[in-house]
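Below is one structure, written out as structure tokens, with a few remarks after it.
What you see is a predicted model, and the numbers here were worked out from it, not measured in a lab. Residue numbers begin at 1 in each chain, while the letters A, B, ... track the order of the sequences.
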Amino acid sequence: MKKTKMLKKNYEFNSVLKKGIYYGGSHIEAVIRTHSLDTNFLGIAISKKVGIAVIRNRIKRLIRENYRLLEAETKTGYSIIFLWKKKADPRRATFESIEKDMKTIFKKSGMV
RNA sequence: UAAGCAUUUUAGACAGUCGCGCAUAAAACUCGCAAGGGCUUAUGUGAGGAAAGUCCGGGCUCCAAAGAGCAAUGAUGCUGGAUAACGUCCAGUGAGGGAAACCUUAAGGAAAGUGCAACAGAAAAUAACAGCUAGAGUUUCUAGCAAUGGUGAAAAGGUAAGGUAAGAGCUUACCGCGAGUAUGGUGACAUGCUUGGUCAAUGUAAACCCCAUUUGGUGCAACGCCUAAAUAUAGGAAGGUUAAGACUGCUCGUCAUCUUCCUGAGUUGGUGGCUUGAGGUAUAUGGUAACAUAUAUCCUAGAUAAAUGACUGUCCACGACAGAACCCGGCUUAUAGAUUUGCUUAUGCA
RNA sequence: GGCCCGUUGGUCAAGGGGUUAAGACACCGCCCUUUCACGGCGGAAUCAUGGGUUCGAAUCCCGUACGGGUCA
């Protein structure tokens, strides 16, 4: 991920979650905030209530892989945090469904 | 062949493209005030049998090498052994279950003391309601008795015979129970013999308790080092004293408040701790075994918003439970399919 | 990652070995009233779950599941 850095600190997450704009999909949700830097910032937050460690790890990997594949098409200057939708069944998380959600979120927010 | 019991191993495989963590090497570029970090390429390497639950034990860390003793608290509880240690494991004993292979078992003490035992029942622990027998007497009284009946989870050894007014360990035999003793065993205990009818005193200790063994707290978010900016009645070293204070409830003991000198805590960020260890594998020896010893050989994740994924092809049994976070030894719980070895019972055939 | 609590009608909860498991609010049915409200009577609990100890367990012991708190 050449033009993206990971969000790490708790205050970074909080600032994005408070001031960002919410976009929902059928499985994943995203909170996006714009800024003036030349890079993107990515954060993934999966609650412990979603499931056991194996399921949470799998969701994180699928989101990270999808973002990697779609990264080349995006513009810079965004901070984005992906969340898992509470009502969705975490055992049905697949590559295709997350890819579909992520594309619609990028279109809505104007990142593409 | 069928049903069953115990037990061993495994935990999709191979190939290609893209991508991720760590280590090593190489060269330049770059972020940060700093300590330090990032980017590129190549090579190597990269989750489990339970990594889980956090139920025990230990290493390691700091609290004063927890400093000594007593008490209290908690834990364990048949015997012997194994182990660094354990509540674990191995081998046995007793008890219970099963037709058997085999399985289960918190299994010390109830005449050291205290508590509790609802309802029912005469009585729930120094027994007498109904009743049985004898005598007096007449809707009862006196004396003897504890077999029979009912209640209850539990009612003061059981069965049979003798015995008696009626009965009763009252007497005898057998069984059970207690005591003593002999033999075997390291021991739990087993077997035999002798003896006890004063063999009255139920159950509960996963109720308090007694006995034996054992037990300080803290947990890698422990703890150490470096670091920009700003700052405190803050920290460190040496000396001295005993009243209150702290270290654990007490006794002792120690520390510390006081003086002098020195400098920089915590917060922020980075880094160490971090993986070579009571390690794995093979062979030999000792031991019934757990395990121990010796020799050879191997090095196998170390992250910090936290690495294993996506796509394609081939094969099959169509892939369960599930993701390291300081490290080991166990326990418990989850788990698709495949698989090793031994044994039991039933039926048939030879 | 460590440590510590809790789970009882729909909700809040008492009870810490013994008769049919208190109580309040809500809900349902009946009575009262012309009707509603108030009031009266009744109903509704696998004591989270699987074992064990005991004559007897919501209660004591062990395991499991779920929920919550706390430590930077």
Side-chain angles (χ1 to χ4, degrees):
Chain A
M1 289 185 272
K2 293 175 183 176
K3 55 186 181 182
T4 305
K5 289 184 176 178
M6 297 299 287
L7 290 174
K8 291 191 175 180
K9 291 297 156 191
N10 202 25
Y11 59 83
E12 297 173 346
F13 272 77
N14 282 334
S15 68
V16 174
L17 288 171
K18 280 180 185 173
K19 298 182 180 175
I21 306 166
Y22 168 88
Y23 299 93
S26 62
H27 289 81
I28 58 170
E29 320 170 310
V31 178
I32 299 179
R33 187 191 181 192
T34 55
H35 55 75
S36 57
L37 295 173
D38 197 27
T39 54
N40 283 346
F41 289 97
L42 173 67
I44 305 169
I46 310 295
S47 164
K48 214 170 184 179
K49 290 181 182 176
V50 171
I52 54 177
V54 170
I55 291 171
R56 281 184 274 130
N57 272 341
R58 175 151 181 84
I59 291 169
K60 274 194 263 182
R61 283 165 188 162
L62 289 171
I63 291 174
R64 205 180 292 124
E65 178 67 15
N66 268 303
Y67 183 86
R68 187 179 68 82
L69 294 172
L70 296 172
E71 189 194 18
E73 307 170 6
T74 56
K75 303 171 186 171
T76 57
Y78 294 91
S79 290
I80 179 162
I81 293 178
F82 285 107
L83 305 166
W84 182 252
K85 206 166 186 178
K86 281 182 185 175
K87 293 178 181 175
D89 184 4
R91 287 186 183 268
R92 288 188 181 176
T94 57
F95 184 78
E96 289 81 12
S97 63
I98 288 174
E99 185 186 24
K100 202 178 174 185
D101 276 6
M102 198 175 283
K103 278 183 177 173
T104 56
I105 287 166
F106 284 167
K107 266 189 185 176
K108 278 184 191 173
S109 62
M111 276 177 73
V112 179

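A 6.0 Å sphere centred on NZ of A:K85 holds more than 12 heavy atoms belonging to other residues, nucleotides or ligands.
Across all strands shown, B:A296 forms a Watson-Crick or G-U wobble pair with B:U281, both key distances being under 3.5 Å. Pair assignment for B:C247 gives B:G253, based on Watson-Crick or G-U wobble hydrogen-bonding distances that are each under 3.5 Å.
Rounded to whole Å, the C1' atom of B:G269 lies 22 Å from the corresponding atom of B:G21. Taking atom P in both B:U241 and B:G219, one finds a spacing of 40 Å when rounded to whole Å.
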Protein and nucleotides 310-312 of chain B: nitrogen or oxygen contacts under 3.5 angstrom:
residue	atom	partner	partner atom	Å
B:A310	OP1	A:R58	NH1	2.9
B:A310	OP1	A:R58	NH2	2.8

Polar atoms only, N or O, under 3.5 Å: list the protein pairs with nucleotides 305-308 of chain B and their distances.
residue	atom	partner	partner atom	Å
B:A305	O2'	A:L7	O	2.7
B:A305	N7	A:K8	O	2.6
B:A305	N6	A:N10	OD1	3.1
B:A306	OP2	A:R64	NH2	3.2
B:U308	OP2	A:R61	NE	3.0
B:U308	OP2	A:R61	NH2	3.4

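A:R68 and A:E65 are joined by a salt bridge, as a carboxylate oxygen and a charged side-chain nitrogen come within less than 4.0 angstrom of each other.
Base orientation of B:A125: anti, since the glycosidic angle falls outside 90° of 0. Applying the 90° criterion around 0 to the glycosidic angle, B:G169 comes out syn. Base orientation of B:U300: syn (glycosidic angle within 90° of 0). Glycosidic conformation of B:G77: anti, with the torsion beyond 90° of 0.
Between the CD1 atom of A:I98 and the P atom of B:G309 there is a distance of 14 Å, rounded to whole Å. Rounded to a whole Å, the CD1 atom of A:I52 is 12 Å from the P atom of B:A320.
Relative orientation of the A:Y67 and A:F106 rings is perpendicular, given thresholds of 30° and 60° on the angle between their planes.
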